[in-house]
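Structure, as structure tokens:
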There are 4 protein chains.
Amino acid sequence: MSRQPDPNRRSEQARQAILSAAADLCAEVGFAATTVEAIAARAGVGKQTIYRWWPSKAAVLLEHMQRARETSADFPDTGDIRADLLAQTTAVEALFASHSGAIWRGLLIAAQSDDIAADGVRALLEKAVTDATKRLSTAQVNGELRADADLDMAVEIIYGPLYHHWLLRARPVPNGYMKEILNVVFDGLNPRRH
Amino acid sequence: MSRQPDPNRRSEQARQAILSAAADLCAEVGFAATTVEAIAARAGVGKQTIYRWWPSKAAVLLEHMQRARETSADFPDTGDIRADLLAQTTAVEALFASHSGAIWRGLLIAAQSDDIAADGVRALLEKAVTDATKRLSTAQVNGELRADADLDMAVEIIYGPLYHHWLLRARPVPNGYMKEILNVVFDGLNPRRH
Amino acid sequence: MSRQPDPNRRSEQARQAILSAAADLCAEVGFAATTVEAIAARAGVGKQTIYRWWPSKAAVLLEHMQRARETSADFPDTGDIRADLLAQTTAVEALFASHSGAIWRGLLIAAQSDDIAADGVRALLEKAVTDATKRLSTAQVNGELRADADLDMAVEIIYGPLYHHWLLRARPVPNGYMKEILNVVFDGLNPRRH
Amino acid sequence: MSRQPDPNRRSEQARQAILSAAADLCAEVGFAATTVEAIAARAGVGKQTIYRWWPSKAAVLLEHMQRARETSADFPDTGDIRADLLAQTTAVEALFASHSGAIWRGLLIAAQSDDIAADGVRALLEKAVTDATKRLSTAQVNGELRADADLDMAVEIIYGPLYHHWLLRARPVPNGYMKEILNVVFDGLNPRRH
DNA sequence: TGCTAACCGAGACGGTACGTCGCGTCTTGTT
DNA sequence: AACAAGACGCGACGTACCGTCTCGGTTAGCA
């Protein structure tokens with residue numbers, strides 16, 4: 001039976017140093033080379049201090065990601081769903097291109113083999129999906145979307161291409177990418193009727 | 001100066017044993033636990049025989065994937081683009097659910113930190129994108145698609161959601177998923193005009 | 001720049017287990033089969049723990065030998081040089097026949113290709129030579145030896161035959177061997193004058 | 001059941017190349033680094049050609065040593081045993097300092113763990129001992145040696161110091177070393193009576 | 001003179017051990 | 001008691017040689 005550490009005695013300094021070191025390393029040398037040993041060395045911290053508070057390196061990066069997420073704004077609601085989606089996805093694009101992008105990429109990888117990472121990633125992802133779904137729901141009520149649209153699926157149609165491009169094809173997202181995607185998503189690929 | 005071995009003297013038996021062992025292990029214990037050591041043991045082969053012909057375990061699995069790909073049929077062309085896309089994406093769904101799905105998942109992960117894997121994955125992915133783009137191009141010429149549609153982007157709109165669902169949200173793809181996605185992709189999310 | 005570990009944090013338990021395992025293995029399966037891997041397995045220790053403190057298996061066995069040497073008594077000095085030499089060489093005979101003999105044999109081998117082993121073996125050998133030389137020097141002063149005898153050479157005449165017999169000819173040392181050798185060494189091979 | 005190769009079809013060229021390569025390597029990089037692969041590469045020969053005719057690298061070097069031995073002169077017999085021993089041991093000193101010395105050193109090592117090498121070394125060693133014993137026997141009959149001297153032991157007293165110095169203490173044998181040794185061996189360490 | 005069996009070079013093969021890296025745990029003072 | 005430091009048992013890494021095996025290509029002897 002493992003001992004639970006006392007959060008009150010926790011060193012905030014060490015916590016910050018670890019989170020920063022992990023994030024910096026992930027951005028500089030990539031997720032695979034961001035080992036617990038390297039984080040500890042860079043943070044000037046004992047390995048035990050990491051393992052005491054986080055179950056794995058993915059958990060550290062996850063906390064970093066969650067904090068970044070918390071500070072980010074809510075899903076915008078100007079009344080214009082396409083404008084709001086464009087604003088939101090543009091923010092996501094910016095995140096992908098930033099240091100946090102490297103971390104998020106690492107977490108998505110870790111989630112494939114690490115259950116804890118998978119849970120955290122799922123939570124973040126579901127939160128994002130839920131936020132988007134809510135906004136889409138409002139739009140649907142307002143008649144901006146087809147009434148029979150499956151909104152969870154709609155979210156995947158909107159964000160799927162972006163992930164496909166950035167994560168799988170490993171390409172920088174070009175300017176106007178999401179604008180174009182949203183055009184298709186809303187207007188469809190069918191030839192316009194006139 | 002490193003020597004590369006003579007492919008003529010290569011043992012086809014060992015090759016097959018290695019590819020099979022790697023694929024089986026990946027399906028049974030996952031990509032992370034599919035170590036070169038385990039592959040060698042399972043294939044009844046020396047580790048050196050693996051390293052002689054492949055630079056990493058990802059390269060082994062990549063070859064397995066490439067072979068699977070080669071044997072798969074071309075993109076269908078019945079003249080009905082939506083039916084063809086549905087057939088093709090259904091085949092992809094089946095692949096994702098099969099043993100090859102576990103391997104492909106592992107390769108997509110490996111590609112994030114292993115340049116060789118990244119090159120191989122890119123090649124497979126670009127091949128798939130090109131095939132789809134060609135079929136879409138025919139459809140576009142035939143007036144089945146908007147003339148101004150960016151086809152590379154269209155491919156991402158079609159496959160992106162599937163990957164988002166299967167890989168990132170780690171959910172089994174439900175029946176009719178791609179049918180629904182294709183409905184949106186072609187008809188758009190906008191309310192229908194009567 | 002390589003880091004050397006902190007001896008204060010060293011596990012005495014692991015140290016003893018390694019030294020014992022190495023000695024036992026050397027006695028049981030011989031020096032060649034006494035691999036670092038086998039020592040680690042037998043000692044219930046990680047290979048790294050061996051490599052952390054010793055540069056090679058020879059160094060481990062060397063330490064074992066040095067410890068055995070430290071606990072052994074000094075060169076005897078009863079005033080009778082021939083009796084003292086007989087006592088000392090008899091002790092060496094016993095060592096050769098014991099487990100330590102197998103280890104010492106292995107070290108003499110290793111010293112031929114491993115510089116670290118060579119240094120250690122040299123040190124042990126020179127210590128033994130020096131001890132013997134000192135005792136012989138006393139005897140020389142007391143008139144028990146020719147005044148012009150080269151004592152370092154005398155030591156080799158005394159111990160050389162023993163090593164020749166045991167190590168090179170690989171024969172068990174028969175009873176009374178050294179007594180006979182000492183007879184010749186002191187009285188010479190020349191016919192006795194009456 | 002293993003096939004015996006036909007000695008008539010043996011390539012003398014390969015034989016010589018292997019023997020030379022092995023000897024050169026042993027002299028240049030030492031016995032430990034003289035691997036079968038290195039010998040084969042240097043001799044421009046397949047590994048199988050070595051294994052077909054010799055059971056191990058030690059056997060190759062043994063053959064080299066045996067050939068060197070055959071060409072060497074017999075034990076000299078001028079009627080003066082001390083002069084003859086000095087001549088013979090001087091020749092041995094020269095051998096130790098030559099390339100053959102490195103090989104012989106390697107064989108003495110190999111003999112400790114390789115039964116085939118041990119047999120070969122034993123044979124060479126016993127041959128040398130027998131030769132020396134015979135010469136000593138003649139001297140004993142002639143009254144040059146004490147009648148009760150054990151001649152096998154006498155051989156070890158003569159050669160033991162030389163091996164101790166060269167092999168174990170790994171020191172070059174200084175000029176006049178054996179002359180001095182022989183003085184002690186014949187005259188003894190006892191103070192001279194006057 | 002053409003056949004065929006054996007040796008040849010080359011080097012791939014199944015293995016064993018190497019020495020290193022990072023894991024996650026445990027231990028030792030310090031603060 | 002949490003901390004930094006880092007030693008520990010462990011498992012996999014990628015490499016070096018081992019001794020065996022399989023390939024063509026020469027190279028004898030026998031037909």
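Order of the sequence lines sets the chain letters (A, B, ...), proteins ahead of strands, with each chain counted from 1.
The side-chain tip of D/Arg15 does not point at the ring of D/Trp53 from less than 6.0 angstrom away and within 45° of straight on. Taking the ring centre of B/Phe31 as origin, the terminal cationic atom of B/Lys57 falls inside the region bounded by 6.0 Å and 45° from the ring axis.
Taking the charged nitrogens against the carboxylate oxygens, D/Arg42 and D/Glu28 do have a contact shorter than 4.0 Å, which makes a salt bridge.
When the C1' atom of F/dA4 is taken as reference, atom CG of C/Asp6 falls 13 Å away, rounded to whole Å. As rounded to whole Å, 7 Å separates atom P of E/dC13 from atom CD1 of B/Ile18. In this entry the distance linking CD of D/Gln48 with C1' of F/dT22 reads 10 Å, nearest Å. What separates NZ of C/Lys47 from P of F/dC8 is a distance of 16 Å, to the nearest Å. When rounded to the nearest whole Å, the span between CD of D/Glu37 and C1' of E/dG9 equals 14 Å. In this structure, the CD1 atom of A/Ile50 is 13 Å from the C1' atom of F/dG6, given to the nearest Å. Taking atom CD1 of residue A/Ile39 and atom C1' of nucleotide F/dA4, one finds them 16 Å apart after rounding to whole Å. As a whole-Å value, the separation of A/Arg15 CZ from F/dA4 C1' is 19 Å.
Contact between the side-chain N/O atoms of D/Thr49 and the OP1/OP2 oxygens of E/dG9 is found at a separation under 4.0 Å. Within the structure, a side-chain polar atom (N or O) of A/Trp53 is placed less than 4.0 Å from OP1 or OP2 of F/dC3. For F/dG19, the OP1/OP2 oxygens have no side-chain nitrogen or oxygen of D/Trp54 closer than 4.0 Å. Note on A/Arg9: every side-chain N or O is 4.0 Å or more away from OP1 and OP2 of F/dC3. Here B/Arg52 reaches the OP1 or OP2 of E/dC13: one of its side-chain N or O atoms lies under 4.0 Å away.
The number of heavy atoms from other shown groups lying within 6.0 Å of CD (B/Gln16) is above 12.
Between B/Val36 and B/Trp54, the closest side-chain pair of non-hydrogen atoms is not below 4.5 Å.
Taking the nucleotide of DNA chain F with the nearest heavy atom to each of C/Arg10 and B/Ala38, the more 5' of the two is matched to C/Arg10. Nearest-nucleotide assignment on DNA chain E puts the 5′-proximal partner with B/Val45, out of C/Val36 and B/Val45.
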